[in-house]
Amino acid sequence: MLRFYPLALTLILLEPTVTQAQQCSIASNGTSSAPSPSLPPKRQSNPSDSYDALNRLTGSGAHLASPGQFHGFETGAAYTPDRVFIYFLLKDHRGVLGGTAIPVPYDTLRSLSGKRATDLAQWHGIRGMFLQNGSHFQVIYATPDGQAAVAGSLWDASGRDVIRQQIQHIPGAVPSVRMDGAQITKTVLASLHGGTVGSLSAPSAVMLIDPQCMYSIKAAQNLMPLVQAGKLRLKVVPLSVLDYEDRGESTRNAQAMLSYPETDMVRAWLGGHLHERADTPASNAASQLAENGTFAKSIALNAEISQKGCTSG
């Protein structure tokens with residue numbers, strides 16, 4: 001019997017259990033680089049850092065540079081060897097924004113946006129709006145003085161995604177994936193193309209992902225402790241469902257992922273190495289991706305996105 005569980009876009013098929021999830025493409029600069037261009041505060045349970053987003057940010061391994069002020073926010077750059085993250089810190093350090101500064105008064109942006117924008121509940125005094133811009137969604141927050149804005153993502157001091165909570169009741173804001181009448185067997189799952197990690201003796205699961213999907217990345221990262229502890233064997237199967245949003249980067253990265261040996265695919269994806277094969281995919285990568293897509297269609301896997309998506313940063 002198939003069972004559905006809410007889990008942040010990732011579809012997990014525990015043989016034969018299934019998970020329903022949500023999707024959101026990571027921002028793309030037109031190249032196939034690391035899976036996430038930002039450095040959200042790593043979620044931890046250390047009580048001493050539970051109210052300071054800056055400590056949480058540096059605790060996730062980032063170094064800080066160019067500190068300054070931006071219309072009431074503390075700002076600067078947080079960086080690791082392969083990523084750079086421009087942060088905007090709330091005065092009380094209870095949250096941190098990551099994204100792009102907009103040097104236009106927030107009220108002006110809100111007025112120009114009209115019916116395309118939905119006002120969000122204030123969070124620690126910070127106003128925000130959920131804006132539909134063509135085929136994309138964007139969340140924009142006001143600076144404390146209201147004289148500018150920041151388009152991007154917001155996390156609290158524990159590393160929790162605040163945006164997801166703020167927009168969950170807006171119709172169509174959080175795209176979802178559903179499966180209808182799926183008939184799934186172990187033989188079918190074994191035929192899918194993807195990478196596998198974990199002990200052969202552990203319970204197995206199959207995860208359908210889009211390599212550009214931020215929730216796919218987060219879900220896989222959350223499962224890695226189980227894999228490393230020998231409690232889960234995970235097969236990760238790439239699909240390309242977000243091409244409409246990321247200008248074809250989903251296909252580009254999915255084919256790059258399928259170009260690695262099966263034992264290296266997950267490492268390459270989560271480790272940000274897909275760009276190394278993006279321009280030189282394996283000769284069978286396109287056909288393998290197409291076969292994965294055929295399976296998704298065969299189980300009536302539907303992305304309920306109404307041609308809309310949400311981008312971060």
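Note that this is a predicted model, so its numbers are computed, not measured. Throughout, residue positions are numbered sequentially from 1 according to the sequence presented.
- Looking at Ser259, its side chain does come within 3.5 Å of a backbone N or O of Gln255 through a donor-acceptor pair.
- The backbone N or O of Gln132 sits less than 3.5 Å from a side-chain atom of Arg116, completing a donor-acceptor pair.
- Atoms CG and CD1, on Leu97 and Ile140 in that order, are 11.5 Å from each other to the nearest 0.5 Å.
- With sequence neighbours left out, the salt bridge (Lys or Arg N to Asp or Glu O under 4.0 Å) criterion links Asp264 to no other residue.
- Transitive grouping of hydrophobic side chains (ILVMFWY, heavy atoms separated by less than 4.5 Å) keeps Leu131 and Phe137 in distinct clusters.
- The backbone N or O of Ala290 lies less than 3.5 Å from a partner atom in the side chain of Thr294, making a donor-acceptor pair.
- Using modelled atom types, one side-chain atom of Tyr106 and one backbone atom of Gly128 make a donor-acceptor pair closer than 3.5 Å.
- Contacts of Ala148 classified as side-chain contact (heavy atoms from CB on, under 4.5 Å), with partners at least two apart in sequence or in another chain: Phe70, His71, Thr143.
- Checked by atom type and distance alone, the side chain of Asp145 never pairs as donor or acceptor with a backbone atom of Gly72 at under 3.5 Å.
- Counting heavy atoms from C-beta outward, Phe295 and Leu239 have side chains that stay 4.5 Å or more apart.
- No single ILVMFWY cluster, assembled from side-chain heavy atoms under 4.5 Å apart, contains both Val150 and Leu109.
- Ser287 places a side-chain N or O within 3.5 Å of a backbone atom of Asn284 that can act as its donor or acceptor partner.
- More than 12 heavy atoms of other residues, nucleotides or ligands lie within 6.0 Å of CD in Gln228, so this atom counts as buried by the packing criterion.
- Within the 4.5 Å cutoff, side-chain heavy atoms of Asp279 are placed close to those of Arg252.
- To the nearest 0.5 angstrom, Leu120 atom CG is 5.0 Å from Gln166 atom CD.
- No side-chain heavy atom of Tyr260 sits less than 4.5 Å from a side-chain heavy atom of Val266.
- Contact check for Lys235 versus Met207: no side-chain heavy atoms found under the 4.5 Å cut-off.
- Within the 4.5 Å cutoff, the side chain of Ile126 has heavy atoms near those of the Phe73 side chain.
- The hydrophobic clustering, which links ILVMFWY residues whose side-chain heavy atoms are closer than 4.5 Å, places Met129 and Ile170 apart.
- Proximity of Gln165 to Arg160: side-chain heavy atoms (C-beta onward) are separated by under 4.5 Å at one or more points.
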Under 3.5 Å, which donor-acceptor pairs link side chains of residues 188-198 to any protein atom two or more places apart or in another chain?
| from | atom 1 | to | atom 2 | distance (Å) |
| --- | --- | --- | --- | --- |
| Ser191 | OG | Val188 | O | 2.6 |
| His193 | NE2 | Glu291 | OE1 | 2.4 |
| Thr196 | OG1 | Glu262 | OE2 | 3.0 |

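- For Asn292 (side chain) and Pro238 (main-chain N/O), a donor-acceptor pair under 3.5 Å exists by modelled atom type.
- Residues Ile163 and Ile102 fall into different hydrophobic clusters, defined by Ile, Leu, Val, Met, Phe, Trp and Tyr side chains chained together at heavy-atom separations under 4.5 Å.
- Proximity of a side-chain donor or acceptor of Trp269 to a complementary backbone N or O of Pro211 within less than 3.5 Å is detected.
- Tyr141 places no side-chain N or O within donor-acceptor distance of the main-chain N or O of Leu154, the cut-off being under 3.5 Å.
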